Amino acid sequence: MLGYESERRLKNLLVAVGDGERDLEAARQRLCSIRDFAPLSAFERFDRDMTGFVTSYEIVNFLRDNSVYHVSEAEAFTLVQFFDSDGNNKLSFQEFLQMYLPCEDNVLRNITLDRPSRRVTRYDHLPRDIELSITNVIEKEVDLQRRLEILKRELEVQYDYSPFAAFRSIDRYNSGRVDTVNTGSFLRQNGHYASEMELLAIIRRIDTDGDAVVIYSEFAEFIRPSIPAPRSVNYAPPARSSSAYRAGNSSPLKNTSPVRSYSAQRSRAAYSSPVRPSTVSPSRMSPSRKPVLRLNDEDELVHALKELCNQEQELESGKINLSHKSDFNLFDAFNIFDVPRYGSISVHELQSGLNAIGVYPTYDECDLFITRYDKNGDRRLSFSEFSEAFLAHDSYYANMVNRRSSNYVPRVVRRDDVFLPHTSFEFQTMWRTHIRVENSAESLRQRLNARPGFNMYEAFNSLDFNDDGRISSYELKRMIESRGYFVGHKEVEQVIDKMDKNKDGRVSFHEFSEETRTKSPVRR
C-alpha cells in the first residue's frame with residue numbers, strides 16, 4: 001500500500017487521465033459533428049505517399065501545414081504507438097479511426113462512418129475547419145501525454161512507490177482488477193468525487209484488452225513512465241528500436257478496447273469496441289481487408305448475433321436448472337422417445353414423445369431441433385447427440401448429469417413418470433425452451449437472408465478481424481460490443497460452440513454458412 005503523499009499523487013494522475021480523456025472526447029465529437037468530415041478522406045489527407053498507413057513523419061508534416069511546430073516527431077511517434085495494435089509503428093485505417101471517432105456517442109460514430117468520402121490526392125487539403133479540428137485533437141492528445149508523463153515521474157520518485165503498491169491502493173478488496181467502483185472509492189478517499197462519466201473515461205484510457213476492467217499488467221504498463229529514445233534530426237520515418245522500447249511507450253491494444261466507447265450506463269450495456277468502417281468500399285480500404293458488409297447490414301448481423309447470445313444463455317440456464325434435479329438422467333430421458341429401442345430418435349418419434357409428456361410442437365419445430373443436434377446427417381438423434389441438448393456448457397453441471405444412471409422406474413401412466421413430478425415439469429419447460437429458441441434462431445436466419453445486401457461471405461469477413469479464415473470468440477465478442485451491446489465471455493463461447501462442428505474452438509466459413517443458411521423448408 002502507498003503512503004498518504006503517494007496516494008495523493010496517484011489520485012492526481014487518475015484525475016488528469018479522466019479530465020484529459022473527457023476533453024479529448026469533446027474534441028472528437030466536435031470534429032465528427034462537422035457534416036463534411038469523412039474519416040477516409042482525412043486518412044488520405046495524412047497518407048501522402050499512398051501506402052495505406054500513416055506514420056509519425058506524416059503526422060508532423062500535417063501539423064506543420066497547419067502552423068503547429070511545437071510537436072516533435074518523437075511525440076508524434078509515441079502517439080502512433082499508443083494507437084498501434086500490430087506493432088508496425090504505423091497506423092492503418094482501422095487504427096487511425098480510433099484517434100478521431102467519438103467513444104461515448106455511438107450514433108454520431110455510426111453517422112460519421114456512413115458519410116461518403118471524396119478522393120484526396122497528394123497535394124489536396126481538407127476544408128479549413130476540418131483541418132483545424134483534426135489538429136486540435138492531435139494537440140490535445142500530445143498535451144495529455146506530456147501532462148501524464150510529468151505526473152508519472154512525480155509518483156515514481158516516491159520512496160514507497162511501486163506499480164504493485166499503487167495497484168493495491170486502488171484494489172483494496174484484492175479482487176485482482178480495477179474498475180469504476182474501486183476507482184471511485186479510491187478517489188473519494190483522497191478527496192475527489194468523480195462522476196460516472198469521469199470514471200468511465202479513466203478506465204477507457206487505461207484498459208487494453210477489452211474486458212471493461214484493468215488488471216495488474218495493464219495498470220503497470222500504463223503507469224510506467226516513457227523514456228523516449230534519442231531521435232535523429234532529420235524527419236525520416238522512425239524504425240522500431242526494440243521490444244523493450246515498445247513495452248515502455250505504448251498501449252498495444254488500444255484500438256481493440258471496447259471500453260473506448262463505453263457509455264455512461266452503470267450496467268455496461270452500451271459500451272462498445274471500435275466500429276469497423278464497413279461503409280468503405282473494398283478498393284478504398286486497407287490492402288489486407290476483404291469485402292465486408294455495408295454498415296446497415298452489419299448492424300443487422302450484430303443484432304442477430306446478440307439475440308443468438310441471449311437465446312443460448314436462456315438454454316444454458318434451463319440446462320443448469322434441470323441438472324439440479326437429482327432424479328434427472330439422460331438414459332431415462334432418451335428412452336421416453338426411443339420406445340422401440342432402436343438407439344436413435346426420428347422426427348416422428350420425437351414429436352410423439354413430446355405429445356405424450358404434454359408438449360405439442362409442430363413437425364417443422366421438431367425437424368429444426370433434429371437438424372441442430374444431428375451431427376452425421378442421418379436425420380436421427382443418437383444417444384450422444386440427444387445428450388448434447390441437455391448437457392450444460394459448464395463442465396461442472398455436465399459432469400453432474402453424466403454421472404447419473406437410470407432410475408429403473410417402470411412407467412405407470414405417462415412416459416415421464418420415470419421422473420418425480422417437479423422434475424417432469426422442469427423437463428417439459430426445457431423442451432419448450434428448446435422449441436422457442438430454435439424458432440427464434442430460424443426467424444433470425446430468415447430475416448438475414450431476406451435482406452438484399454446480405455452476403456454470407458461478406459458477413460464472415462466482417463467478423464474475421466485478422467483475416468485468418470476463422471472466427472474466434474474474441475472476434476465475435478468484439479464485433480457484438482462494437483454496436484454498444486454488452487456480452488459475456490461465456491455467452492460468446494456458447495455461440496461459438498453451437499457453430500463449431502469440428503470442435504477446434506473456432507468457426508470456419510463452411511461452419512458459419514451452415515449456421516446462417518435457412519433450415520426450415522416450410523418457411524422459405
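When reading the values below, keep in mind they use all heavy atoms of this one structure, side chains included, and skip hydrogens, waters and symmetry mates. Keep in mind that this is a model prediction, so the values were computed, not measured. Throughout, residue positions are numbered sequentially from 1 according to the sequence presented.
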Residue Lys490 excluded, over 12 heavy atoms near NZ under 6.0 Å: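 Open.
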
Considering residues, nucleotides and ligands other than His510, do more than 12 of their heavy atoms fall under 6.0 Å from its NE2? no

Between [X] and [Y] (side chain of the first, backbone of the second, donor and acceptor by atom type, cut-off under 3.5 Å), is there such a pair?
X: Arg115; Y: Phe37; result: yes
X: Arg109; Y: Pro102; result: yes
X: Gln313; Y: Glu491; result: no
X: Asp171; Y: Ile215; result: no
X: Glu300; Y: Asn296; result: no
X: Asn66; Y: Val68; result: no
X: Lys503; Y: Asp497; result: yes
X: Arg122; Y: Arg48; result: yes
X: Asp179; Y: Val213; result: no
X: Thr516; Y: Ser513; result: no

Pair [X] + [Y], salt bridge at N-O below 4.0 Å:
X: Glu312; Y: Lys498; answer: yes
X: Arg445; Y: Glu442; answer: yes
X: Lys152; Y: Glu156; answer: no
X: Arg224; Y: Glu221; answer: no
X: Arg470; Y: Glu511; answer: no
X: Glu149; Y: Arg153; answer: yes
X: Asp19; Y: Arg147; answer: no
X: Asp143; Y: Arg146; answer: yes

Nearest 0.5 Å, what's the [atom1]-[atom2] distance between [X] and [Y]?
X: Glu75; Y: Glu139; atom1: CD; atom2: CD; answer: 11.0 Å
X: Asn110; Y: Arg483; atom1: CG; atom2: CZ; answer: 6.0 Å
X: Leu444; Y: Leu305; atom1: CG; atom2: CG; answer: 9.0 Å
X: Glu95; Y: Asp86; atom1: CD; atom2: CG; answer: 4.5 Å
X: Leu126; Y: Asp36; atom1: CG; atom2: CG; answer: 10.0 Å
X: Phe46; Y: Asp65; atom1: CZ; atom2: CG; answer: 10.0 Å

What I'd like to find out is whether the side chain of [X] reaches to under 4.5 Å of the side chain of [Y], using heavy atoms alone.
X: Tyr485; Y: His303; result: yes
X: Ile202; Y: Arg205; result: no
X: Leu101; Y: Arg28; result: no
X: Thr51; Y: Lys90; result: no
X: Leu14; Y: His192; result: no
X: Arg478; Y: Phe465; result: yes
X: Ile111; Y: Val107; result: yes
X: Asp49; Y: Glu58; result: yes

Taking all atoms of both residues into account, what is the closest heavy-atom pair of [X] and [Y], and its distance?
X: Asp47; Y: Phe53; answer: OD1-O, 3.0 Å
X: Lys11; Y: Leu187; answer: CG-CD2, 3.6 Å
X: His489; Y: Ser473; answer: CE1-OG, 3.9 Å
X: Asp207; Y: Glu218; answer: OD1-OE1, 3.5 Å
X: Ala27; Y: Asn136; answer: CB-ND2, 4.0 Å
X: Leu108; Y: Cys32; answer: CD1-O, 3.6 Å

Stepwise side-chain contact (heavy atoms from CB on, under 4.5 Å) check, Val214 with Phe222: CA-CA 10 Å; Val214 177; Phe222 165 77; over 6 Å; no

Which one of Arg294, Glu298, Glu475 satisfies the side-chain hydrogen bond (donor to acceptor under 3.5 Å, both in side chains) criterion with Ser462?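 Exactly one candidate clears the test, Glu298.
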
As a quick check of understanding, evaluate side-chain contact (heavy atoms from CB on, under 4.5 Å) for Phe219 and Ile170, giving each step before the final call. CA-CA 11 Å; Phe219 182 86; Ile170 302 176; 3.8 Å; yes

Walk me through whether Arg204 and Glu25 qualify under side-chain contact (heavy atoms from CB on, under 4.5 Å). CA-CA 11 Å; Arg204 181 170 67 232; Glu25 177 65 12; 4.3 Å; yes

Would you please say whether a donor-acceptor pair under 3.5 Å links the side chains of [X] and [Y]?
X: Gln29; Y: Asp105; result: no
X: Glu73; Y: Ser56; result: yes
X: Gln145; Y: Glu141; result: no

In sequence, state the C-alpha distance, the side-chain angles, and the governing distance for Glu514 and Lys501, and then conclude on salt bridge (charged side-chain N to carboxylate O under 4.0 Å, His left out). CA-CA 10 Å; Glu514 283 294 320; Lys501 304 302 181 183; over 6 Å; no

Between Arg9 and Val157, does the side-chain contact (heavy atoms from CB on, under 4.5 Å) criterion hold? Intermediate values first, please. CA-CA 11 Å; Arg9 297 190 181 192; Val157 298; 3.8 Å; yes

When the ring planes of Tyr100 and Phe96 are compared, do they come out parallel, tilted or perpendicular, using 30° and 60° as the limits? tilted

